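Computed from a predicted model, the values in this text were never measured in an experiment.
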Amino acid sequence: MLRDAGFEPVTLDDLGVAPLPEEDSVEAFETFEENAMAKARYYFARTRSRTRSRTGSLGARVPDVILADDSGLEVRALGGAPGVRSKRYSGAALEGHALDEANNAKLMDALRGVADRRAGYVCVAAIKTVSGEWHARGECGGVMLDAPRGTDGFGYDAYFYSEELKKSFGEATRVEKEAVSHRARAVRAALGLFPSAK
């Protein structure tokens, strides 16, 4: 998507921007919009600081545009939870698959006996440049299953049944998921707002 819009994607690893403990405090807000924009601003500043310290000037390795996002699962019967805390919903000090399992266990426990299973994935993509900031929201709807289906994807995917795909995200191929993905929709919408991408 980024290449089609005329950009050459560069990762933080490509730029030599290593993870720092302080990054955990960047996502401190109550909305996807605020968190996505906070990350875009944070890494915009980090990439400039990192490159300046290595080269003594703002050289060619400084990206002109930073794209960041924040995403999560909102379950209607739970008042939108886990929401912006989707990754840390269980409160467990785990990573990867173990964290996914803990989050899903807590969610299934919260939904035990609940008839309304409507849910949706939400993503906000944020763009930051020297001259401005833009953000856009993408969503996809579905319902939460009682048991996992499929082994692909991550997070809550195996428990999320997509209304558009008529299968869980855990059963969907990468191409199928990308066709209705909240993240793809958010990035596409954000690029549409960004002047250089038009």
Side-chain angles (χ1 to χ4, degrees), residues 1-2 23-40 67-127 135-193:
M1 290 174 64
L2 295 174
E23 292 174 11
D24 291 338
S25 65
V26 175
E27 293 183 73
F29 301 97
E30 295 301 315
T31 68
F32 295 111
E33 285 79 5
E34 290 173 299
N35 283 332
M37 204 69 251
K39 286 192 276 189
L67 171 67
D69 78 84
D70 192 41
S71 61
L73 176 71
E74 292 184 333
V75 180
R76 184 169 301 195
L78 301 180
V84 295
R85 293 176 179 80
S86 290
K87 184 177 179 181
R88 301 170 296 277
Y89 184 52
S90 67
L94 302 168
E95 294 292 334
H97 184 66
L99 179 58
D100 289 346
E101 288 188 338
N103 287 335
N104 281 309
K106 180 174 180 178
L107 181 59
M108 289 299 101
D109 186 58
L111 287 174
R112 188 172 289 114
V114 175
D116 184 357
R117 312 289 286 198
R118 288 173 293 175
Y121 273 118
V122 177
C123 177
V124 171
I127 294 174
H135 70 268
R137 189 179 181 98
E139 300 184 19
C140 58
V143 296
M144 299 309 299
L145 300 167
D146 290 319
R149 294 186 194 172
T151 57
D152 288 333
F154 62 95
Y156 303 93
D157 282 357
Y159 290 86
F160 179 78
Y161 182 86
S162 166
E163 294 172 340
E164 292 170 276
L165 296 180
K166 306 305 180 189
K167 62 176 69 175
S168 80
F169 270 6
E171 296 170 303
T173 66
R174 180 174 178 175
V175 172
E176 288 174 329
K177 183 178 173 183
E178 287 176 354
V180 302
S181 165
H182 51 303
R183 184 167 285 107
R185 287 172 171 165
V187 171
R188 191 175 298 115
L191 290 175
L193 296 174

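Residues that satisfy the side-chain contact (heavy atoms from CB on, under 4.5 Å) test with A38, not counting sequence neighbours, are V26, F29. For Y121, the ring-ring contact (aromatic ring centres under 6.0 Å, His included) test picks out F160, F169, H182, with sequence neighbours left out. With sequence neighbours left out, the salt bridge (charged side-chain N to carboxylate O under 4.0 Å, His left out) criterion links E27 to K39. Under the side chain to side chain donor-acceptor pair (under 3.5 Å) criterion, R117 pairs with D146, sequence neighbours left out. Under the salt bridge (charged side-chain N to carboxylate O under 4.0 Å, His left out) criterion, K167 pairs with E176, sequence neighbours left out. Under the rule for a salt bridge (charged side-chain N to carboxylate O under 4.0 Å, His left out), the partners of R118 that lie at least two apart in sequence or sit in another chain are D116. Legend: residues meeting side chain to side chain donor-acceptor pair (under 3.5 Å) with E30, ordered by chain and number and at least two apart, are R85. For R183, the salt bridge (charged side-chain N to carboxylate O under 4.0 Å, His left out) partners are D69, not counting sequence neighbours. Applying the side-chain contact (heavy atoms from CB on, under 4.5 Å) criterion to E74, with sequence neighbours excluded, gives F32, V122, R137. By the side-chain contact (heavy atoms from CB on, under 4.5 Å) test, A102 is found to be paired with S90, A92, L94, residues two or more places apart in sequence or in another chain being considered.
For V124 against A36, the heavy-atom pair with the smallest separation is O-CB, 3.4 Å. Looking at every heavy atom in both residues, D157 comes nearest to G153 through OD2-CA, 3.3 Å.
With a 4.5 Å cut-off on side-chain heavy atoms, V114 and V75 do not count as touching.
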With a cut-off of 3.5 Å and sequence neighbours excluded, list every side-chain donor-acceptor pair involving residues 184-193.
unit_1: R185; atom_1: NH1; unit_2: E139; atom_2: O; d: 2.9
unit_1: R185; atom_1: NH1; unit_2: E164; atom_2: OE1; d: 3.2
unit_1: R185; atom_1: NH1; unit_2: V180; atom_2: O; d: 3.4
unit_1: R185; atom_1: NH2; unit_2: E164; atom_2: OE1; d: 3.3
unit_1: R185; atom_1: NH2; unit_2: E164; atom_2: OE2; d: 2.7

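In this structure, CG in D70 is found 12.0 Å from CE in M37, a value given to the nearest 0.5 Å. Note that the NE2 atom of H135 and the CD atom of E33 stand 5.0 Å from one another [nearest 0.5 Å]. Atoms CE and OH, on M144 and Y156 in that order, are 8.5 Å from each other to the nearest 0.5 Å. Distance check, rounded to the nearest 0.5 Å: CG of N103 to CE of M108 gives 11.0 Å.
The pair K177-D152 does not count as a salt bridge, with every side-chain nitrogen at least 4.0 angstrom from each carboxylate oxygen. Salt bridge status for K106 with D109: absent, with no side-chain N to carboxylate O gap under 4.0 Å.
Sorted pairs that involve residues 81-110 and meet ring pair (Phe, Tyr, Trp, His ring centres under 6.0 Å), not counting sequence neighbours, are lacking altogether.
Other residues, nucleotides and ligands contribute at most 12 non-hydrogen atoms within 6.0 Å of the CZ atom of R76.
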